[in-house]
J.: 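Shown below is the structure under consideration.
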Amino acid sequence: MPELPEVETVRLGLRPVMEGAVIDKASVRRPDLRRPFPPRFARRLAGRRITHLGRRAKYLLAELDDGNVLVMHLGMSGSFRIEAEAKDTLPATTHHPRGKLAAHDHVVFDLSSGARVIFNDPRRFGLMDLIPRADLARSPLFARMGIEPLGNEMGGALIAGLFKGRAAPLKAMLLDQTRIAGLGNIYVCEALWRARLSPSRPAGSIATGRKTAANRADALAAAIRDVLGEAIAAGGSSLRDHRQANGDLGYFQHRFAVYDREGEPCPRHDCSGIVRRMVQSGRSTFYCPVCQK
DNA sequence: CGCATCCCCTGCCTGC
DNA sequence: TGCAGGCAGGGGATGC
């Protein structure tokens with residue numbers, strides 16, 4: 001499912017029921033997701049208060065009152081749903097019947113707020129871990145992670161520096177989480193279209209030349225920032241299974257310019273191109289061969 | 001080191 | 001209707 005906007009949407013939805021709540025009980029229904037749960041995972045969560053629910057790139061970070069951080073990644077197909085207790089005042093807007101667990105419900109948190117939060121992940125590419133807050137930045141998951149694309153340091157100069165001298169296609173560089181962290185296949189395609197840049201162009205080529213180079217890097221930085229911001233405002237993109245935590249669908253998918261639109265006309269007003277699909281690094285790239293150079 | 005390929009897993013859609 | 005094949009929003013391991 002999720003790239004940064006979907007993870008942020010999930011965070012905003014979970015925050016009201018998770019922040020400040022105590023995990024009365026946690027349970028895991030299988031030994032692993034992409035990798036095993038850490039030792040005594042469920043027991044170590046029981047009784048802990050969640051002091052803050054944050055995000056880094058595509059990771060959700062639930063800070064606990066014992067100094068640990070519950071790290072959660074949704075992988076390709078992970079999702080959370082919230083079920084309110086009958087006594088609770090939360091609206092019954094979830095799309096799944098209250099009370100019974102479904103296939104692929106792997107983790108259940110029963111919270112003092114009265115809510116039950118359930119993690120479902122059919123493909124099991126997600127992961128959960130428990131890491132001391134003081135070690136988080138140095139831990140393997142985060143040590144080499146790139147910059148936040150919505151952070152203050154993001155800009156044309158920074159992208160130009162990150163990509164300078166690189167021969168790999170721009171698309172591949174943008175998916176590389178050790179440079180910019182949080183973009184995935186959809187938003188890379190959309191950002192490249194907005195910046196009028198070809199996915200095949202050598203990444204370093206946006207940082208060479210004279211004034212046009214700065215323009216390209218600036219345009220790309222702005223496109224990334226804009227598309228992510230707009231997608232978050234729209235509640236993310238719902239292709240198959242992404243929903244906001246209240247069960248509502250995101251709706252940014254209606255505003256895709258190129259993603260999954262092979263054969264359709266390029267939506268740019270002054271362009272007569274037809275959206276094409278190609279495969280790069282084993283993944284589909286959608287682009288307009290006419291206006292993306 | 002940089003880059004490409006393959007793999008993990010399940011579900012859904014297409015075409016035969 | 002069934003079945004095979006391809007594809008999917010992520011990321012890590014491997015090999016050249």
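Values below: every heavy atom of this structure, side chains too, minus hydrogens, waters and symmetry copies.
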J.: Atom CD1 of A:Ile186 and atom C1' of C:dG10: how far apart are they, to the nearest Å?
T.: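 Taking atom C1' of C:dG10 as the reference, CD1 of A:Ile186 is at 12 Å.
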J.: If you measure from the P atom in C:dC3 to the same atom in B:dC9, how many Å do you get, rounded?
T.: 23 Å
J.: To the nearest Å, how far apart are A:Arg179 CZ and B:dC1 C1'?
T.: 11 Å
J.: For a quick test of reading the model: is some side-chain N or O of A:His104 closer than 4.0 Å to OP1 or OP2 of B:dC9?
T.: no
J.: Return the orientation label for the A:Phe252 and A:Tyr187 ring planes: parallel under 30°, perpendicular over 60°, tilted otherwise.
T.: tilted
J.: Take the protein atom CZ of A:Phe142 and the nucleotide atom P of C:dG11, then report the distance between them rounded to whole Å.
T.: 11 Å
J.: Which sits closer to the 5' end of DNA chain C, A:Arg283 or A:Arg277, going by the nucleotide each is nearest to?
T.: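 Its nearest nucleotide being more 5', the pick is A:Arg277.
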J.: Given atom CZ of A:Arg144 and atom C1' of C:dG12, what is their separation to the nearest angstrom?
T.: 11 Å
J.: Would you mind checking if A:Arg56 and A:Glu148 are paired as a salt bridge, meaning a charged N to carboxylate O distance below 4.0 Å?
T.: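 A salt bridge is present here (some side-chain N lies under 4.0 Å from a carboxylate O).
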J.: Is it true that A:Arg277 and A:Asp260 have a side-chain N and a carboxylate O under 4.0 angstrom from each other?
T.: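 No, A:Arg277 and A:Asp260 are not salt-bridged.
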J.: Given the C1' atoms of C:dG11 and B:dC12, what is the spacing between them in whole Å?
T.: 22 Å
J.: Find the distance A:Ile180:CD1 to C:dG11:C1' and express it as a whole number of Å.
T.: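 Nearest whole value for this atom pair: 17 Å.
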J.: Touch check for A:Tyr259, heavy atoms < 4.0 angstrom, all strands: base, sugar-phosphate only, or nothing?
T.: sugar-phosphate
J.: Does a side chain donor of either A:Ser198 or A:Gln292 reach within less than 3.5 Å of an acceptor in the other side chain?
T.: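 No, no side-chain donor-acceptor contact under 3.5 Å.
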J.: Report the distance from atom CG of A:Asp121 to atom P of B:dC9, rounded to the nearest whole Å.
T.: 13 Å
J.: Given that both distances must come in under 3.5 Å, which nucleotide forms a Watson-Crick or G-U wobble pair with C:dC16?
T.: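 By the stated definition (distances under 3.5 Å), B:dG2 pairs with C:dC16.
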J.: NA contact type, A:Gly282, heavy-atom cut-off 4.0 Å: base, sugar-phosphate, or nothing?
T.: nothing
J.: Between A:Ser284 and C:dA8, is there a side-chain N or O to OP1/OP2 distance below 4.0 Å?
T.: yes
J.: When you get a sec, tell me which of B:dT10, B:dC3, B:dC8 is the closest nucleotide to the side chain of A:Phe125?
T.: B:dC8
J.: Using heavy-atom distances to pick each residue's nearest nucleotide on DNA chain B, tell me which of A:Ala103 and A:Arg166 is more 5'.
T.: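 Residue closer to the 5' terminus by nearest nucleotide: A:Arg166.
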J.: Before we go on, tell me: are the rings of A:Phe119 and A:Phe109 under 6.0 Å apart, centre to centre?
T.: no
J.: Judged by modelled atom types alone, do A:Asp121 and A:Ser77 share a side-chain donor-acceptor pair under 3.5 Å?
T.: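 Judged by distance alone, the side chains do pair up.
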J.: Rounded to the nearest Å, what distance is computed from the NE2 atom of residue A:His106 to the P atom of nucleotide B:dT10?
T.: 9 Å
J.: Base, sugar-phosphate, or nothing for A:Ala172, non-hydrogen atoms under 4.0 angstrom?
T.: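 Counting heavy atoms under 4.0 Å across all strands, no contact is made by A:Ala172.
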J.: Side chain of A:Arg123, base of C:dA8: donor and acceptor closer than 3.5 Å?
T.: yes
J.: Look at the side chain of A:Arg124 and decide which nucleotide, out of B:dC9, C:dG11, B:dC3, has an atom nearest to it.
T.: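 Looking only at heavy atoms from C-beta outward on A:Arg124, the closest nucleotide is B:dC9.
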J.: Quickly work out the A:Gln177 CD to C:dG10 P distance and round it to whole Å.
T.: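 Value for this atom pair: 8 Å.
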J.: Under 4.0 Å between any heavy atoms, over every strand shown, what does A:Met145 touch: base, sugar-phosphate, or nothing? Just pick one.
T.: nothing
